[in-house]
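Beneath this line is the structure, given in structure tokens, with notes to follow.
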Amino acid sequence: QVQLVESGGGLVQAGGSLRLSCAASGLTFSRYAMGWFRQAPGQEREFVATIRTYDSTSYADSVKGRFTISRDNAKNTVYLQMNSLKPEDTAVYYCAARHRSLEKYDYWGRGTQVTVSS
């Protein structure tokens with residue numbers, strides 16, 4: 001059974017940093033692109049960042065220059081380093097996996113709450 005488990009969320013003051021982790025199991029991790037998404041109260045889920053199987057990365061404009069996505073295939077883990085956090089970053093952050101041959105993210109974690117106070 002495929003499982004994605006996020007961790008590292010919490011409460012942080014504006015300007016602070018947080019590092020999210022997503023541990024994957026039940027899949028051949030190196031064959032999956034990994035992504036981070038977030039959903040704030042009353043808003044649609046939005047794309048944050050992705051890292052492909054060959055380590056190319058993409059970011060939403062709202063987080064570019066502040067967030068960094070990375071992966072450790074030996075640990076089956078993807079990370080999201082979040083710096084210079086803003087109250088607007090407050091959301092539930094979700095980890096997702098997409099097989100390299102597909103265009104859709106098929107597997108999702110349950111999410112971890114990130115709250116940034118002003």
Side-chain angles (χ1 to χ4, degrees):
Q1 198 74 31
V2 173
Q3 280 194 314
L4 304 177
V5 181
E6 303 96 335
S7 62
L11 176 64
V12 64
Q13 292 187 0
S17 297
L18 216 52
R19 184 178 178 87
L20 305 183
S21 298
C22 172
S25 61
L27 50 70
T28 304
F29 185 75
S30 62
R31 296 183 179 180
Y32 283 79
M34 303 297 297
W36 287 98
F37 296 76
R38 68 187 183 186
Q39 186 169 24
Q43 298 186 3
E44 299 293 319
R45 184 168 62 194
E46 66 175 349
F47 166 80
V48 175
T50 189
I51 183 165
R52 301 170 185 86
T53 57
Y54 48 96
D55 290 341
S56 176
T57 58
S58 298
Y59 298 91
D61 288 342
S62 59
V63 307
K64 199 169 299 180
R66 299 188 298 121
F67 290 11
T68 302
I69 188 171
S70 61
R71 66 190 296 159
D72 187 338
N73 287 350
K75 296 181 178 179
N76 286 5
T77 302
V78 63
Y79 306 94
L80 186 68
Q81 178 66 47
M82 305 184 294
N83 298 327
S84 301
L85 282 162
K86 306 174 181 179
E88 307 91 88
D89 296 318
T90 295
V92 176
Y93 283 71
Y94 297 91
C95 175
R98 173 182 62 80
H99 193 273
R100 63 186 183 185
S101 67
L102 303 177
E103 298 179 352
K104 180 180 181 294
Y105 287 90
D106 287 331
Y107 304 108
W108 296 82
R110 294 181 179 179
T112 185
Q113 177 70 48
V114 172
T115 302
V116 184
S117 62
S118 59

T77 side chain vs A23 backbone, donor-acceptor pair below 3.5 Å: no

Has the side chain of Y59 got a donor or acceptor atom that lies under 3.5 Å from a matching backbone atom of I69? yes

To check you understand the geometry: which heavy-atom pair defines the closest contact between [X] and [Y], and what is its length?
{"X": "E103", "Y": "R98", "value": "C-CD, 3.6 Å"}
{"X": "A40", "Y": "A91", "value": "N-CB, 3.8 Å"}
{"X": "F29", "Y": "D72", "value": "CE2-O, 4.0 Å"}
{"X": "A60", "Y": "F47", "value": "CB-O, 3.4 Å"}

Are [X] and [Y] grouped together when hydrophobic residues (ILVMFWY) are joined by side-chain heavy atoms under 4.5 angstrom apart?
{"X": "V48", "Y": "I51", "value": "yes"}
{"X": "Y105", "Y": "M34", "value": "no"}
{"X": "W108", "Y": "Y93", "value": "no"}
{"X": "L20", "Y": "Y107", "value": "yes"}
{"X": "L85", "Y": "L80", "value": "yes"}

Taking atom types as modelled and ignoring hydrogens, do the side chains of R31 and S101 form a donor-acceptor contact shorter than 3.5 angstrom? no

Full working for side-chain contact (heavy atoms from CB on, under 4.5 Å) between R38 and V63: CA-CA 12 Å; R38 68 187 183 186; V63 307; 3.9 Å; yes

Output, in order, the C-alpha distance, side-chain angles, deciding distance and verdict of side-chain hydrogen bond (donor to acceptor under 3.5 Å, both in side chains) for S58 and R52. CA-CA 9 Å; S58 298; R52 301 170 185 86; 2.8 Å; yes

Is the distance between the ring centroids of W36 and F67 under 6.0 Å? no

Evaluate the side-chain contact (heavy atoms from CB on, under 4.5 Å) criterion for residues R19 and S70: first the C-alpha distance (whole Å), next the side-chain angles of each, then the deciding distance (0.1 Å), finally the verdict. CA-CA 11 Å; R19 184 178 178 87; S70 61; 4.3 Å; yes

If I take atom [atom1] from residue [X] and atom [atom2] from residue [Y], how far apart are they, to the nearest 0.5 angstrom?
{"X": "C22", "Y": "R71", "atom1": "SG", "atom2": "CZ", "answer": "10.5 Å"}
{"X": "E46", "Y": "F37", "atom1": "CD", "atom2": "CZ", "answer": "10.0 Å"}
{"X": "D89", "Y": "T115", "atom1": "CG", "atom2": "OG1", "answer": "11.0 Å"}
{"X": "K104", "Y": "H99", "atom1": "NZ", "atom2": "NE2", "answer": "14.5 Å"}

Ionic contact status for K64 with D61, cut-off 4.0 Å: yes

Please list, one pair per line, the donor and acceptor atoms closer than 3.5 Å that link side chains of residues 4-16 to other protein atoms, with sequence neighbours excluded.
| unit_1 | atom_1 | unit_2 | atom_2 | d |
| --- | --- | --- | --- | --- |
| E6 | OE1 | R110 | N | 3.2 |
| E6 | OE1 | G111 | N | 2.9 |
| E6 | OE2 | C95 | N | 2.8 |
| E6 | OE2 | G111 | N | 3.2 |

Under 4.5 Å between any side-chain heavy atoms of V116 and V114, yes or no? yes

